[in-house]
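The structure under discussion appears below in the form of structure tokens.
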Amino acid sequence: MDIIKEARVWAKKVWFLQEGPSWAFQDFTIRSQLNHIQCMNDADGVICHNSSDVSYMKSLLKDDSKPVFAMKSVM
């Protein structure tokens with residue numbers, strides 16, 4: 001299932017929110033890791049929780065002009 005394609009049925013813009021540590025997806029199976037990165041690349045932008053994660057997230061994207069923002073959590 002292509003979650004980004006499905007989300008575009010209801011929204012013009014779809015953003016990817018990285019929950020948890022930025023490297024958490026590395027504990028997934030290889031197939032799930034590739035799906036995770038593909039979702040990031042298919043989304044219109046990426047939101048992560050720490051400004052230190054921004055450069056890491058950008059390094060995973062094919063398009064380095066895609067916006068990546070830090071949205072600090074309150075915890």
Side-chain angles (χ1 to χ4, degrees):
M1 175 169 145
D2 185 346
I3 191 89
I4 303 297
K5 184 178 178 182
E6 293 292 321
R8 289 193 191 282
V9 170
W10 293 286
K12 293 178 184 174
K13 296 283 184 177
V14 177
W15 282 65
F16 182 92
L17 174 62
Q18 172 61 43
E19 283 291 342
S22 60
W23 64 86
F25 75 95
Q26 294 173 0
D27 291 334
F28 300 168
T29 64
I30 296 295
R31 182 178 182 148
S32 293
Q33 288 181 41
L34 294 172
N35 286 337
H36 184 91
I37 292 171
Q38 187 63 50
C39 282
M40 286 177 48
N41 279 288
D42 290 346
D44 295 303
V46 178
I47 301 170
C48 49
H49 288 295
N50 300 302
S51 55
S52 60
D53 293 338
V54 170
S55 61
Y56 177 68
M57 291 299 165
K58 281 189 174 201
S59 74
L60 298 174
L61 298 173
K62 294 176 190 173
D63 179 6
D64 61 357
S65 67
K66 186 173 287 197
V68 179
F69 297 106
M71 180 179 70
K72 296 180 180 181
S73 61
V74 283
M75 307 266 311

*asked:* Using every non-hydrogen atom in the two residues, find where Val68 and Cys48 come nearest and quote the distance to one decimal.
replied: CG1-SG, 4.3 Å

_Exercise: identify the closest heavy-atom pair between Pro67 and Asp44_ = CD-O, 3.5 Å

*Side-chain donor or acceptor of Asp2 paired with backbone N/O of Ile4 under 3.5 Å*: yes

*asked:* Between Asn41 (side chain only) and Lys62 (backbone N and O only), is there a donor and an acceptor less than 3.5 Å apart?
replied: yes

*For Asp42, all residues meeting salt bridge (charged side-chain N to carboxylate O under 4.0 Å, His left out), sequence neighbours excluded*: none

*Establish, from distance only, whether the side-chain atoms of His36 and Gln18 form a donor-acceptor pair under 3.5 Å.*
yes

*Quick one: do the Asp63 and Ser65 side chains pair a donor with an acceptor below 3.5 Å?*
yes

*Any ion pair linking Lys58 and Asp53 (charged N to carboxylate O, less than 4.0 Å)?*
no

*Could you walk me through whether Gln33 and Ile30 pass the side chain to side chain contact (heavy atoms under 4.5 Å, CB included) check?*
CA-CA 5 Å; Gln33 288 181 41; Ile30 296 295; 4.1 Å; yes

*Shared ILVMFWY cluster between Tyr56 and Leu61, side chains joined below 4.5 angstrom?*
yes

_Tell me whether Leu60 shares a hydrophobic cluster with Phe28, the cluster being built from Ile, Leu, Val, Met, Phe, Trp, Tyr side chains joined at under 4.5 Å._
yes

_Quick check for you: to the nearest 0.5 Å, what is the distance between Gln38 atom CD and Ser32 atom OG?_
13.5 Å

*asked:* Using 0.5 Å steps for rounding, measure from the CG atom of Asn35 to the CE atom of Met40.
replied: 13.0 Å

*In the hydrophobic clustering that connects Ile, Leu, Val, Met, Phe, Trp and Tyr at side-chain heavy-atom distances below 4.5 Å, which members other than Leu17 occupy its cluster, ordered by chain and number?*
Trp15, Ile47, Phe69, Met71

